[in-house]
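The block underneath contains the structure these notes are about, expressed in structure tokens.
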2 protein chains.
Amino acid sequence: MSVTIKDVAERLGVSAVAVSKALNDRKDISEKLKRKVRETARKLNYTPNSIAKRLVTNKSNTIGVFIFSRQEHTFSKDLGLQFLGGILEEANKNNYDIVIFSIDSDLLNKKSYIELCKERKAEGAIFTGLRLDDPHIGKIKNSTFPISIIDTFIEGKNVNFVSTDNKLGVRLALDYLWGLGHRRIAMINGHRNAQVSRKRLNAYRDYLKEREVYDERLVFRGDFTEDSGYQCAKKIMRLKELPTAIFVASDLMALGVIKAFKESSFKLPEDMSIIGFDNISIGEYIEPSLTTIGQDAVGMGKWSVRLILNEIKGIRLQKKCLLKPKLIIRDSCSIVNDGKLHKQLKERLE
Amino acid sequence: MSVTIKDVAERLGVSAVAVSKALNDRKDISEKLKRKVRETARKLNYTPNSIAKRLVTNKSNTIGVFIFSRQEHTFSKDLGLQFLGGILEEANKNNYDIVIFSIDSDLLNKKSYIELCKERKAEGAIFTGLRLDDPHIGKIKNSTFPISIIDTFIEGKNVNFVSTDNKLGVRLALDYLWGLGHRRIAMINGHRNAQVSRKRLNAYRDYLKEREVYDERLVFRGDFTEDSGYQCAKKIMRLKELPTAIFVASDLMALGVIKAFKESSFKLPEDMSIIGFDNISIGEYIEPSLTTIGQDAVGMGKWSVRLILNEIKGIRLQKKCLLKPKLIIRDSCSIVNDGKLHKQLKERLE
DNA sequence: AGTAATTACTTAAACGTTAAAGTAGATTTT
DNA sequence: AAAATCTACTTTAACGTTTAAGTAATTACT
């Protein structure tokens, strides 16, 4: 078996507890012994057994992570890995382990997320891509340990919420389109069961109603897949009165939208301005490159960990953390292209 | 504190061991007691403490995972998440936990990967994106527990290797170009410190030498970044005698190559055929869409787990697992475009 | 009927660590 | 010089589980 604290103790002729204390740099151990302990520990190639430590201290230093990255979801392409990167960085920096679970495994048919965490004595859990119709939502609400959920707001004593400021994101997008002269702006939204869909739709509606150009018939419902974007775009093309711009609630759908318009030999962005949401990497490479609202996905990962750690420490600063999105201007939007207005704007912008 | 086996035992007036055995469905416990135990365990909301179990059984059911996804690396865009998906699925299916570490954390300045695993009593470790010049390579070689490394071959008693059959991949790519009539085929390779670079270069060289068209001057060295692809493409454009096709050792570099040629108003694919390697998602969306060699990244993740689990069980079928790549034909390659040959081929293909 | 085997438990011990309480011996205080 | 304090340890116990060994009570065998 492997070298334990006992072996080190024996070698030095002291008690195991003395060794433990020495290694933990406690002040009731002489410097001399500490030095000797460290030395022989190294010589014997001692490695602490974190499992034993966790058992006795009743502290697992573990956070469970669930990334729901089913095909249909926005995250599948890029964001998931960015969240994870942020989570890992912040957790490891604070000496926490990340145990990550596959969502598609049939493990979950037997045990809930909460049970998986409890068995491992995880001190917290992070969810990304959780759907409002998930069967385990109830258990999450009543969790006895801190939880951070990215992008899905759920009420619960121990539940924290991390997201992009969607309202601001939508405003950035619409301000930009508005500034380019667009007044007839359609929206393609994600599916009903994603929190962000509702947020984004509300923000869109409020913005346009305020300016008295809201038109219900210009709102379309996709499901975050590329194909749904494609289908919605087809519907838009069949409208009697075309919009001049489309605000698409995810980049993935925007890819489908672009595809559809290109197939129908629209010239982009002249004939239709398209703005996405997420800033997935593909957006840089398609033609026209996609103007979009960028989310700070790495930051969201970090904050999901921070909120949990704060709660563990008993600091309860906030339950909610909204990160600022930013407008990323590329080539998929142009100044509005309808006669007079077009000309006016062109002059003004020059 | 939480409910333990003891609480259940007390409630039923039996010993804790009896409860443990009942829950583990041992045969020296009566069906009657088993039923009662299960029932009260549920009633009391008992959750097993896996930490205690791990300590006493000396089995952590944990595999450590290290994904080196620094910006410069191919994986950063897509493959990392696919590997992880495969790893998770296979591990969780077999009741193993995945503990994943951030590589950029300064944790690693203090402790080696091996130490991190040993402390947690991980039964195995998986590395992806490991570089040959990594400072901890020596410790990996001498590991006392099984390790799987994706895409980097390292000799070592307990080290398994999972990769794409690169030789086959290169042959698929070159066969395809050859079939389109290309004879002057350049290569843009990745950096020296990636195993796959060497493999791919050797396969490329062998293939062309066999057909007596190898030309050393057509080999360029990138470093897997998009920009390096761009730079190499610029060099290629300055050649006196242009190649008609370029085999690029990663899709990410191929993106840079395409960018460079488009900027110099080459018509793609007519003026230059480009084939990549990896099949990252962006390839589908750029113009022209990228013909490439697809890797079974999810499968690689799964196999990296399987090899470790086999070794743990004492089954030592193989140390090496090469997954079959496949040619993914899109629009970035055309039949060769130089006079006679072009015409001939066109006739033959029609 | 008496011994052997089986059933269904129990008790003791262990896994490697740490927290809490105890204790000699040295040092300081008064 | 006696009491109080401090230093540097040691001993005991615990964390929640499992394995191994033990033991009554029942059943089976000859």
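Each chain gets a letter, A, B and so on, in the order the sequences are listed, and its residues count up from 1.
- Nearest approach of B:Cys117 to B:Ala125, heavy atoms of both residues: SG-CB, 3.8 Å.
- Under a 4.0 Å N-O distance rule, the pair B:Lys118/B:Glu115 does not qualify as a salt bridge.
- Of the residues in residues 13-20 of chain A, those placing a heavy atom less than 4.0 Å from an atom of DNA chain C are A:Val17, A:Ser20, in numerical order.
- Protein atom NZ of B:Lys59 is 23 Å distant from nucleotide atom P of D:dG16, rounded to whole Å.
- No more than 12 heavy atoms of other residues, nucleotides or ligands sit less than 6.0 Å from atom NZ of A:Lys6.
- Spacing between atom CG of A:Leu23 and atom P of D:dC9 amounts to 14 Å, rounded to whole angstrom units.
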Test salt bridge (Lys or Arg N to Asp or Glu O under 4.0 Å) on B:Glu31 and B:Lys34 and set out the steps. CA-CA 5 Å; B:Glu31 278 307 320; B:Lys34 281 184 189 170; 3.8 Å; yes
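- Atom C1' of nucleotide D:dT7 and atom CD of A:Glu31 are separated by 13 Å, given to the nearest angstrom.
- A 6.0 Å sphere centred on NZ of B:Lys53 holds no more than 12 heavy atoms belonging to other residues, nucleotides or ligands.
- Take A:Phe145 and apply the ring-ring contact (aromatic ring centres under 6.0 Å, His included) test, not counting sequence neighbours, and it matches no residue.
- Rounded to an integer number of Å, the gap from NZ of A:Lys27 to P of C:dT18 is 16 Å.
- Looking at residues two or more places apart in sequence or on another chain, you find no ring-ring contact (aromatic ring centres under 6.0 Å, His included) involving A:Tyr46.
- Across residues 44-57 of chain B, B:Leu55, B:Val56 each have a non-hydrogen atom less than 4.0 Å from an atom of DNA chain C (numbered order).
- Using a cutoff of 4.0 Å between basic side-chain nitrogens and carboxylate oxygens, A:Arg120 and A:Asp97 are not scored as salt-bridged.
- One interatomic measurement links the two molecules: NZ of B:Lys36 to C1' of C:dA8, which rounds to 12 Å at whole-angstrom precision.
- The nearest whole Å value for the distance from the CG atom in B:Asp25 to the C1' atom in D:dT18 is 16 Å.
- Straight-line distance from the CG atom of B:Asn61 to the P atom of C:dC15: 20 Å, rounded to whole Å.
- Contact check, A:Arg26 against C:dA19: a side-chain N or O comes under 4.0 Å of OP1 or OP2.
- For the pair B:Lys36 and B:Glu39, the salt-bridge criterion is not met [side-chain N within less than 4.0 Å of a carboxylate O].
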Which protein N or O atoms sit under 3.5 Å from an N or O of nucleotides 4-6 of chain D?
none

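- Under a 4.0 Å N-O distance rule, the pair A:Arg26/A:Asp28 does not qualify as a salt bridge.
- Between B:Phe66 and B:Phe127, the ring planes are parallel. Angles under 30° get that label, and only those over 60° would be called perpendicular.
- In summary, A:Lys324 and A:Asp296 do not engage in a salt bridge, as defined by a charged side-chain N under 4.0 Å from a carboxylate O.
- The heavy-atom pair separating A:Ile308 from A:Glu123 by the smallest distance is CG2-O, 4.5 Å.
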Collect all protein-nucleotide pairs involving nucleotides 22-24 of chain C in which both atoms are nitrogen or oxygen and the distance is under 3.5 Å.
none

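- Rounded to whole Å, the distance from CD1 on A:Ile5 to C1' on C:dA19 is 13 Å.
- Applying the side-chain contact (heavy atoms from CB on, under 4.5 Å) test between B:Val162 and each of B:Met300, B:Arg306, B:Lys302 identifies B:Met300 as the sole match.
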